[in-house]
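This one's a predicted model, so the numbers in the text were calculated from it and none came from an experiment.
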Amino acid sequence: MKKWKKTAAALLSAAVAVAAFAGLQRLVMPKYVDDILEGAFIEEYYKETTDHDVIFVGDCEVYENFSPIALWRDYGITSYIRGSAQQLVWQSYYLLEDTLRYETPKAVVYNVQSMVHNEPQREEYNRMTLDGMRWSASKVKSIFASMTEEEHFLDYAFPLFRYHERITELKKADLQYYFEKKKVTHNGYYMRVDQMPFEEPLAEDEPEDYTFGDNAYAYLEKMRELCEEKGIQLVLIKAPSLSPVWYDAYERQIDAYAKEHGLLYINYLDLVNELGIDYETDTYDGGLHMNLYGAEKLSAHIGNVLAGQCGVPDRREDRELAEVWEEKSQFYDRMIQDQKKELEEYGEIIHY
């Protein structure tokens, strides 16, 4: 009996220690609700209750430039953007692999800007993609593919090791959103209604070599093969962002790859005039990304492509889906009004 009691006490102590560790870890991890909202994007996907016929993967050139709500309203297309800041091509691949654990879309849209990166870049961007992923083989492989030389796997496995210093920097939001974070995107779309006209950016250092690296190509090929295996149509796009520069040499490589494999490729930089994109009114940050008005123009075009060329169906007659998307649309409209109100009151957007 005494031995049993000692064992039970030891197990209870271990359970309490694990719970305390997990609780402290959750407390110190960034909540991404007041600033650097991009860190919250990946995690929001797992709250979805219905499937999607289209999945976008890529960096800020997808999550700031296309609106799933507009796609639903205009075409009845159900979509989600699994985007994150400086999302590298291998991260896009593993996010797609992760997504296919839950659903199989009819089309995947990948933005090719990240092909310019062949090696891991920066920890802070890695974190905004990797921390929000649920644990799976895909997350583990993405961590190992993404870590810089200074990073360690244990810091991802146990984020408390990485964020423990935040215990002295905790904010109200760390307690307010301890259990449940507020929703910041619209199926992965980051909304901005403010306007900042295009300004000529500072000159960029041109790359020494314009050739995409073997690692980047290898993961693009893995993405293509995965889509082919699952019967998914892969669509490549280049958003109309003016910076960083999309050089002609980049364009030739993607165009050649798409033609070699029979993929649809759309370079929106070539369609700016046709779509009526105005860099004086349709961007919120001087031409880097579209605001709401520019994003809805791009969404109108790609929706037509997805419906017409890719055969993505109109789901608006599905009563269950229509109810879900009506709730999403109401949230979308409320945020538009809230952001416009902040612009009127403060001259800028404060909380989004």
Side-chain angles (χ1 to χ4, degrees), residues 32 36-48 52-72 77-100 102-103 105 107-117 121-122 124-134 138-139 142 146 181 183-192 216 219-220 223 227 232 234-241 243-244 246 266 268 283-285 288-292 294-296 298-299 302-303 306 328 332 335 352:
Y32 300 114
I36 318 180
L37 299 181
E38 292 88 342
F41 294 176
I42 293 299
E43 186 178 7
E44 284 193 353
Y45 169 77
Y46 302 107
K47 297 179 181 179
E48 288 293 285
H52 312 90
D53 284 327
V54 178
I55 295 292
F56 292 79
V57 287
D59 54 17
C60 53
E61 293 196 10
V62 288
Y63 69 72
E64 295 191 86
N65 290 342
F66 296 92
S67 168
I69 304 302
L71 286 174
W72 168 260
I77 290 175
T78 58
S79 63
Y80 201 97
I81 301 173
R82 298 219 68 185
S84 54
Q86 201 186 73
Q87 186 181 113
L88 304 171
V89 59
W90 47 91
Q91 294 171 345
S92 295
Y93 169 75
Y94 287 119
L95 276 169
L96 175 58
E97 193 178 77
D98 174 67
T99 303
L100 296 186
Y102 302 94
E103 58 180 321
V108 166
V109 180
Y110 170 62
N111 186 73
V112 297
Q113 176 63 49
S114 62
M115 287 294 293
V116 304
H117 297 298
Q121 297 296 302
R122 296 167 60 183
E124 53 265 47
Y125 287 115
N126 285 343
R127 287 284 175 177
M128 285 189 272
T129 297
L130 300 169
D131 280 349
M133 290 182 70
R134 282 183 177 173
S138 299
K139 175 167 179 168
S142 191
S146 303
K181 296 178 183 177
K183 188 174 176 63
V184 298
T185 75
H186 305 272
N187 275 45
Y189 167 58
Y190 173 57
M191 178 193 293
R192 291 290 293 262
Y219 277 98
L220 179 59
M223 189 183 304
C227 287
I232 301 168
L234 177 62
V235 179
L236 306 179
I237 62 167
K238 172 64 186 77
S241 301
S243 180
W246 184 250
I266 307 169
Y268 279 103
T283 174
Y284 79 90
D285 55 3
L288 275 69
H289 311 101
M290 297 290 102
N291 58 21
L292 174 69
E296 291 193 338
L298 292 178
S299 300
I302 202 167
L306 291 168
K328 292 177 183 291
Y332 186 79
M335 187 176 287
Y352 297 94

Spatial distance of atom OH (Tyr102) from atom OH (Tyr80) [nearest 0.5 Å]: 12.5 Å
Main-chain N/O of Val184 paired to Glu44 side chain as donor or acceptor, under 3.5 Å: yes
Contacts of Lys238 that satisfy side chain to side chain donor-acceptor pair (under 3.5 Å) - sequence neighbours left out: Glu61
Backbone of Ile55 reached by a side-chain donor or acceptor of Ser79 within 3.5 Å: no
Heavy-atom donor-acceptor pair, Asn65 side chain to Met290 backbone, under 3.5 Å: yes
Taking every non-hydrogen atom, the tightest pair across Gly83 and Ile42: O-CD1, 3.7 Å
Heavy-atom check, side chain of Ile237 versus side chain of Phe66, under 4.5 Å: yes
Asp53 backbone acceptor or donor facing Thr78 side chain under 3.5 Å: yes
Member of Tyr46, Tyr63, Tyr189 meeting the ring pair (Phe, Tyr, Trp, His ring centres under 6.0 Å) criterion with Phe41: Tyr63
SB check Arg82 Asp98 (cutoff 4.0 Å): yes
Heavy-atom check, side chain of Thr129 versus side chain of Ser146, under 4.5 Å: no
Side-chain heavy-atom pair Val62, Val109 within 4.5 angstrom cut-off: no
Atom pair OG (Ser241) and CG (Leu288), whose distance is rounded to the nearest 0.5 Å: 6.5 Å
Approximate separation, where rounding is to 0.5 Å, of Glu64 CD and Thr283 OG1: 9.0 Å
Backbone of Ile81 reached by a side-chain donor or acceptor of Tyr45 within 3.5 Å: no
CE-CD distance between Met133 and Glu43, expressed to the nearest 0.5 angstrom: 12.0 Å
Stepwise ring pair (Phe, Tyr, Trp, His ring centres under 6.0 Å) check, Tyr94 with Tyr219: CA-CA 9 Å; Tyr94 287 119; Tyr219 277 98; 5.7 Å; yes
Heavy-atom check, side chain of Asp59 versus side chain of Asn111, under 4.5 Å: yes
Spacing of Ser138 atom OG and Leu100 atom CG [to the nearest 0.5 Å]: 8.5 Å
Over all atoms of both residues, closest heavy-atom pair of Ser299 and Leu71: O-CD2, 3.3 Å
Close side-chain approach of Thr99 to Val108, heavy-atom, < 4.5 Å: no
Asn187 side chain vs Pro68 backbone, donor-acceptor pair below 3.5 Å: no
Heavy-atom side-chain proximity of Ile302 to Phe56 below 4.5 angstrom: yes
Leu95 and Gln87, any side-chain heavy atoms less than 4.5 Å apart: yes
Verdict with reasoning, Met115 to Val89, per side chain to side chain contact (heavy atoms under 4.5 Å, CB included): CA-CA 6 Å; Met115 287 294 293; Val89 59; 4.1 Å; yes
Minimum side-chain heavy-atom gap Tyr332-Met191 below 4.5 Å: yes
Heavy-atom donor-acceptor pair, Glu103 side chain to His52 backbone, under 3.5 Å: yes
Among Gln121, Gln86, Gln91, the one residue meeting side-chain hydrogen bond (donor to acceptor under 3.5 Å, both in side chains) with Asn126: Gln91
Atom pair CD (Glu97) and NZ (Lys139), whose distance is rounded to the nearest 0.5 Å: 14.5 Å
Under 3.5 Å donor-acceptor, Ser67 side chain and Ala295 backbone: no
Side-chain donor or acceptor of Ser114 paired with backbone N/O of Leu88 under 3.5 Å: no
